[in-house]
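Structure first, then comments.
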Amino acid sequence: MAVSTHALSKVHPTWLALFPTQFAQAATYLEIADNFAPSIDKVFKVFETDPALIKVVLVGQDPYPTLGDANGLAFSVNRNYDLPKSLQNLYKELESDLGIIRTSGDLSDWQAQGVFLINRVLTVPIGNSNGHKQIGWESFTEEIIRYLAQQGAVGLLLGNSAKALAPYFKEFVAATHPSPLSAYRGFFGSKIFSNVNSKLATPINW
């Protein structure tokens, strides 16, 4: 119970009012192991935003499995050097698409503008990518994402697990995952950032 209370302490109260049993169940997934990322206080960081303010749902796969990288927002890290390859590729496409050059790995400014940076799976064992797949996170995040889609948010769906959620969205942009293994199979040149902005009344300052 202490773990659950700590993990959910910064979740916006509207989320807890909308999905009380779902968050209570999701918090129990944190009891599965001691050595996972992100830290317990960051697992639900994406939910600090009032759902009424969310305009874009950017869906990734799971957190970075390297110690200290994951910070609770999909693709984001708290540094501006030696960025993860997937994030580097996101930034390459951003520069190609909109001419914007980013050096900081922290994407909290996107979150502040209403971009919901959520992974399908919210935890990962250190050193074991996708190691917490199918322990329950997918059903939790799918329900959350479906709700936001119904509220009119635009989907930004990267990778196959994210693309599976496309039917929930009235408006969405999809591409392959920006990981080094797949970025050259349809991610580069996808113009995801300008495509998303074209669907918004007020564009995101990426």
Side-chain angles (χ1 to χ4, degrees), residues 37-38 45-46 54-66 69-111 113-124 127-133 137-138 141-142 144-146 148-149 153-200 203-206:
K45 180 175 176 58
V46 68
I54 293 168
K55 302 190 296 185
V56 177
V57 181
L58 194 167
V59 183
Q61 179 178 281
D62 68 336
Y64 298 118
T66 45
D69 273 352
N71 67 7
L73 302 178
F75 297 105
S76 179
V77 292
N78 294 323
R79 63 175 185 272
N80 56 10
Y81 59 91
D82 192 23
L83 300 180
K85 297 296 185 182
S86 293
L87 184 56
Q88 289 184 36
N89 289 338
L90 268 180
Y91 286 179
K92 287 178 183 178
E93 181 59 25
L94 177 59
E95 182 177 2
S96 172
D97 184 8
L98 294 176
I100 296 172
I101 298 175
R102 287 186 66 107
T103 55
S104 172
D106 182 5
L107 299 179
S108 58
D109 61 308
W110 291 4
Q111 182 185 31
Q113 295 178 75
V115 181
F116 193 69
L117 298 134
I118 189 168
N119 285 308
R120 288 302 313 276
V121 176
L122 298 189
T123 59
V124 62
N128 183 14
S129 183
N130 255 339
H132 284 169
K133 186 178 180 180
W137 284 123
E138 290 92 340
T141 56
E142 181 170 352
I144 296 296
I145 292 165
R146 181 172 65 241
L148 291 172
V154 174
L156 178 48
L157 312 176
L158 303 181
N160 290 334
S161 64
K163 290 178 184 177
L165 303 171
Y168 293 135
F169 290 90
K170 181 180 179 181
E171 297 277 5
F172 69 90
V173 173
T176 57
H177 196 277
S179 75
L181 296 176
S182 57
Y184 288 94
R185 299 202 299 264
F187 178 74
F188 290 130
S190 60
K191 297 187 180 298
I192 55 172
F193 301 101
S194 59
N195 285 337
V196 167
N197 276 352
S198 72
K199 301 177 185 300
L200 297 173
I204 302 297
N205 180 14
W206 301 103

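Scope of the values below: all heavy atoms of this structure, side chains included, with no hydrogens, waters or symmetry mates.
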S108 OG to K45 NZ distance, which is reported to the nearest 0.5 Å: 6.5 Å

Spacing of CG belonging to N119 relative to CD belonging to Q61, to within rounding of 0.5 Å: 8.0 Å

Backbone N/O of K191 and side chain of N195: donor-acceptor pair under 3.5 Å: yes

Criterion side-chain contact (heavy atoms from CB on, under 4.5 Å) on I118 and I145, from CA distance to verdict: CA-CA 9 Å; I118 189 168; I145 292 165; 4.0 Å; yes

Minimum-distance pair of heavy atoms, taken over all atoms of L122 and P63: O-CG, 3.4 Å

Which residues share a salt bridge (Lys or Arg N to Asp or Glu O under 4.0 Å) with R146, sequence neighbours left out: none

Contact summary for K163 and A174, nearest pair of heavy atoms: CG-CB, 4.1 Å

Over all atoms of both residues, closest heavy-atom pair of L165 and S161: CG-O, 4.1 Å

Residues D69, T66; criterion side-chain hydrogen bond (donor to acceptor under 3.5 Å, both in side chains); working and verdict: CA-CA 6 Å; D69 273 352; T66 45; 2.3 Å; yes

Minimal non-hydrogen separation, A153 against V57, with atom names: CB-CG2, 3.8 Å

From I54 atom CD1 to L148 atom CG, the distance as rounded to the nearest 0.5 Å: 4.5 Å

Atom pair CG (D106) and CG (L73), whose distance is rounded to the nearest 0.5 Å: 7.5 Å

I100 and F193, any side-chain heavy atoms less than 4.5 Å apart: no

Any donor-acceptor pair under 3.5 Å from S190 side chain to F187 backbone: yes

Closest heavy-atom pair and its distance - T123, V121: O-CG1, 3.3 Å

Side chains of F116 and I144 in contact at under 4.5 Å (non-hydrogen atoms): yes

Side-chain polar contacts of residues 85-92 - donor-acceptor pairs under 3.5 angstrom, sequence neighbours left out - could you list them?
| from | atom 1 | to | atom 2 | distance (Å) |
| --- | --- | --- | --- | --- |
| Q88 | NE2 | L83 | O | 2.6 |
| N89 | ND2 | K85 | O | 3.4 |
| N89 | ND2 | P178 | O | 2.7 |
| Y91 | OH | R102 | NE | 3.2 |
| Y91 | OH | S104 | O | 2.5 |

Polar side-chain atom of Q113 near backbone of N205 as donor-acceptor pair, under 3.5 Å: yes

Approximate separation, where rounding is to 0.5 Å, of R120 CZ and T141 OG1: 4.5 Å

E171 CD to K199 NZ distance, which is reported to the nearest 0.5 Å: 4.5 Å

Given V59, T176, L58, the one that forms side-chain contact (heavy atoms from CB on, under 4.5 Å) with L158: L58

Of all pairs that satisfy ring-ring contact (aromatic ring centres under 6.0 Å, His included), the ones with a partner from residues 155-185, not counting sequence neighbours: F75-H177, Y184-F188

Check: T103/N80 side-chain N/O donor and acceptor closer than 3.5 Å: no

Considering all heavy atoms, the nearest W206-W110 contact: O-NE1, 2.9 Å

